[in-house]
Amino acid sequence: MDMQALRAEQLARAKDVIRHDDFDCLPPRLIAGADVGFEQQGEVTRAALVILEYPSLKLIEHKVARIATTMPYIPGFLSFREYPALLTAWQMLEHQPDLLFVDGHGISHTRRLGVASHFGLLVDVPTIGVAKSRLCGKFEPLDDQPGARQPLMDKGEQLGWVWRSKNRCNPLFVATGHRISNDTALQWVENCMAGYRLPEPTRWADAVASGRPAFLRWQQQG
DNA sequence: GCGACAG
DNA sequence: ATCTTGTCGC
């Protein structure tokens, strides 16, 4: 693969990312969560999309797509590996979400185009990037109490927020994906918490993508 | 040159 | 990401 071409594509697409609030429906009635996993030693890419109702945060739809993996994991180029499967799952959805949570960075990316921004642009829906570890940028140490936050800075600009969602847990990296500001993104992540480290849309997408106990229980009942 | 490096 | 059980601490 031509890394220089992919790098150029990232720089070009990053210019189209909208970093301010641009909602069609506020407050959002349906919120989606997206996550990607792998099977068969990485040969198969598995994308999960879930739809939650707001403010109940109840799961009302879930879809899983499996396609052949086309690219290896290379830091900084994650979106090219994951978006094909995500798009496939997206086309299976019966509901259209007003807001989307993607597991991974948004503009908090070396070239400002993490998977949340790339996928958000493709589906053109307000999108938030929620990552579990740092890719780039610097931040001051966080206080211990939940709710503590620090701006994630890189080259003089704020790329997002480092936010402690839960006591004794590592912080989350929340940032603009597309059509939402960093501040509003963090606000909606806060609105979607239910006592766990991850916000509900991300947590459910992860549970569905990985066949976790919580999802299996839900599937038996419903 | 060296270290860092989402999922 | 994935391979995988118990275990320590609140």
Would you say [X] reaches [N]'s phosphate, i.e. side-chain N/O to OP1/OP2 under 4.0 Å?
| X | N | answer |
| --- | --- | --- |
| A/Lys132 | B/dG7 | yes |
| A/Thr110 | B/dC5 | no |
| A/Arg46 | C/dT2 | yes |
| A/Arg168 | C/dG9 | no |

Tell me: [atom1] of [X] to [atom2] of [N], nearest whole Å?
| X | N | atom1 | atom2 | result |
| --- | --- | --- | --- | --- |
| A/Ile107 | B/dA6 | CD1 | P | 18 Å |
| A/Phe101 | B/dA6 | CZ | C1' | 18 Å |
| A/Leu198 | B/dA6 | CG | C1' | 14 Å |
| A/Asp206 | B/dA6 | CG | P | 17 Å |
| A/Glu82 | C/dT2 | CD | P | 10 Å |
| A/Leu135 | B/dG7 | CG | P | 9 Å |
| A/Asn167 | C/dC10 | CG | P | 11 Å |
| A/Asn170 | B/dG7 | CG | P | 12 Å |

*Go through the side-chain N and O atoms of A/Thr202 and A/Asp103 and say whether any donor and acceptor fall under 3.5 Å apart.*
no
*asked:* Please report whether the ring centroid of A/Phe119 lies less than 6.0 Å from that of A/Trp90.
replied: yes
What's [X] touching, base or sugar-phosphate or nothing? Going by heavy atoms closer than 4.0 Å.
| X | value |
| --- | --- |
| A/Phe77 | base |
| A/Gly114 | base |
| A/Gly42 | nothing |

*asked:* Going by centres under 5.5 angstrom and planes under 30 degrees, do the aromatic ring of A/Tyr73 and the base ring of B/dG7 stack?
replied: yes
*Does any N or O in the side chain of A/His178 come within less than 3.5 Å of the main-chain N or O of A/Val17, such that one atom is a donor and the other an acceptor?*
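No, the answer is negative, given that no donor and acceptor are paired below the 3.5 Å cut-off.
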_Sidechain-backbone polar pair: A/Arg112 side chain, A/His109 backbone, donor-acceptor under 3.5 Å_ =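 Checking the backbone N and O of A/His109 against the side chain of A/Arg112, a donor-acceptor pair under 3.5 Å is found.
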*Taking only Lys NZ, Arg NE, NH1 and NH2, and the carboxylate oxygens of Asp or Glu, determine whether A/Arg168 and A/Asp144 approach each other closer than 4.0 Å.*
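So A/Arg168 does not pair with A/Asp144 through a salt bridge.
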